[in-house]
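Here's the structure we're looking at; comments come further down.
Remember, it's 1-based here, ligands and their atoms both numbered in the order they're listed.
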Amino acid sequence: MQHSIETSAHGENTPVDRPSLSTIAIHAGERRGLYRDLMAPVSSTSTWTFPDSQAVIDHAKKVSPVDEYARYGNLNERIVAEKLAALEGAEECLMFDSGMGALSALLLGTLRAGDEVVISDESYHRIRSFCSEHLTRFGIASIEVPTGDYEALEAAITPRTKLLISESPTNPHLTVIDLQQFVAVARRHGIETLIDATLATPYNVQPIRAGVDYVLHSATKYLGGHNNLMAGSLAGTREKLTRIRTWRDFTGGVCTPDAASKLNTGLMTFPMRMQQHNCNGQLVAQFLERDPRVERVYYPGLDSHPTHAVARQTMSGFGGLVTFLVKEADCAATQRVVDACQLAEIAASLGGVHTMIQQPRILNHYHKTPEECARINIPDNMIRLSCGLENVSDIIADLDRALGAQ
Ligand SMILES: *Cc1c(COP(=O)(O)O)cnc(C)c1O
């Protein structure tokens with residue numbers, strides 16, 4: 001078996017506009033400042049000055065608006081906002097200090113008491129908890145439906161429903177949403193849609209082009225790509241994002257200049273990185289699926305994945321996340337496999353250049369009962385691997401050795 005980019009199943013699957021993503025990633029949003037820096041300097045001011053009172057009046061009248069105060073934004077976050085909007089095919093993008101910051105601004109900035117949201121049950125656990133534990137305090141109900149069940153989704157809609165929320169692909173089961181069906185359900189009822197596309201990134205799917213209203217990213221993951229920053233983004237139309245921008249102006253939470261500057265550097269290589277994450281993910285998933293010590297592999301690029309057909313239709317690559325079950329292993333045996341890895345680091349995050357591994361039963365769901373874990377399909381022998389950008393033969397060799405250590 002050859003572990004090279006040429007063996008990737010979907011090199012040819014590349015949509016026509018894909019090459020320009022690399023150019024957009026480097027050039028969109030960039031500006032040459034006063035000193036014509038190639039990379040924008042990191043803004044380090046909390047406020048800006050006006051040359052005279054007329055400039056204040058011109059700013060107030062929006063004749064020539066300028067930067068005023070850093071809670072409203074900064075040069076570095078605006079560069080990445082424009083870049084991400086261009087990568088998403090969105091009219092506009094807002095940057096936040098984290099993915100959860102973006103999500104909470106959307107929900108709290110647009111919903112009111114009496115509204116309802118419907119959320120798919122495999123969405124990011126903190127988003128589901130935010131809806132069930134916090135939105136409810138403000139009189140906003142949240143209803144969970146099985147991920148990818150479009151009849152259940154439609155059945156959960158009431159005249160009070162304002163927003164349908166789903167992640168795609170989901171974590172750790174990597175279920176891919178049929179965006180066409182998801183959007184069709186929402187449109188029939190005049191409801192807005194939010195897709196958390198953190199795992200896919202705009203390299204693999206562009207939900208705005210499928211008619212989704214809001215696209216959320218934890219830019220902390222693949223977009224930044226080096227595990228050295230926290231940021232979040234929300235893409236959509238200017239009109240829809242205005243309310244959320246206003247909310248952010250009040251509550252704070254804009255992406256800091258330091259994080260935005262690092263994110264900008266990360267974004268410049270993001271299409272190339274993503275191509276290699278896709279390739280490594282596919283090859284690692286194929287290795288695991290063939291290995292007799294593995295019970296099951298979840299990877300949307302494998303024929304065996306329940307949503308493989310949807311993934312092939314809607315995505316141009318399947319990412320670097322691979323989830324698998326160790327055959328006949330209990331919790332302790334699974335821990336031994338994880339502990340035996342030398343290259344893969346045990347860590348909660350995903351999407352960076354380093355390969356990272358974790359056992360969801362103990363890292364995300366330690367305090368749940370076995371029954372609760374069974375209900376959300378998180379068995380003791382499940383391992384989630386975030387394939388980094390090391391040579392894929394080394395990632396595979398690490399797993400091969402670790403699987404022998406049970
Ligand atoms: C990490 C993550 C989030 C939350 O983003 P933060 O940047 O950690 O706030 C949301 N959705 C998904 C799918 C994530 O992986």
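- Residue contacts with ligand 1 for Arg126 are absent, since no atom lies close enough (heavy atoms, distance under 4.0 Å).
- Of the protein's heavy atoms, Met230 CE, 3.7 Å lies nearest to atom 8 (O) of ligand 1.
- Residue, atom and distance of the protein heavy atom nearest to atom 6 (P) of ligand 1 are Gly99 N, 3.3 Å.
- A cation-pi arrangement is absent between Lys221 and Phe270, since the terminal nitrogen or guanidinium carbon is not both under 6.0 Å from the aromatic centre and inside a 45° cone about the axis.
- The protein non-hydrogen atom at the shortest distance from atom 4 (C) of ligand 1 is Tyr124 CE2, 3.6 Å.
- Closest to atom 7 (O) of ligand 1 by heavy atom, among Pro169, Ala348, Ser218, is Ser218.
- When only interatomic distances are considered, the shortest N/O to N/O separation between Leu199 and ligand 1 does not fall below 3.5 Å.
- Near Glu167, the atoms of ligand 1 lying under 4.0 angstrom from a non-hydrogen atom of the residue are 13 (C).
- Taking distance alone, with nitrogen or oxygen atoms compared against 3.5 Å, Gly101 stays at or beyond that limit from ligand 1.
- Going from atom CZ of Arg312 over to atom OG1 of Thr307 covers 13.0 Å, rounded to the nearest 0.5 Å.
- Scanning all protein heavy atoms for the shortest distance to atom 11 (N) of ligand 1 gives Asp196 OD2, 2.6 Å.
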Report task. Could you give me the CA-CA distance, side-chain angles and deciding distance for Glu82 and Arg31, then say whether salt bridge (charged side-chain N to carboxylate O under 4.0 Å, His left out) is met? Result -> CA-CA 11 Å; Glu82 277 181 40; Arg31 42 262 253 179; 3.3 Å; yes
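- Looking only at heavy atoms of the protein, atom 2 (C) of ligand 1 is closest to Lys221 NZ, 2.5 Å.
- In this structure, Arg296 is positioned above the aromatic face of Tyr298, its NZ or CZ under 6.0 Å from the six-membered ring centre and within 45° of the axis.
- Protein heavy atom nearest atom 9 (O) of ligand 1, with residue, atom name and distance: Met100 N, 2.8 Å.
- In this structure, Asn171 does not count as a contact residue of ligand 1, since none of its heavy atoms falls inside 4.0 Å of the ligand.
- Under the 6.0 Å distance and 45° angle rule, Arg248 counts as a cation-pi partner of Phe96.
- In terms of heavy atoms, Glu144 sits closest to Asp121 at OE1-CB, 3.6 Å.
- In this model, no donor atom of one side chain and acceptor atom of the other lie less than 3.5 Å apart for Gln276 and Arg273.
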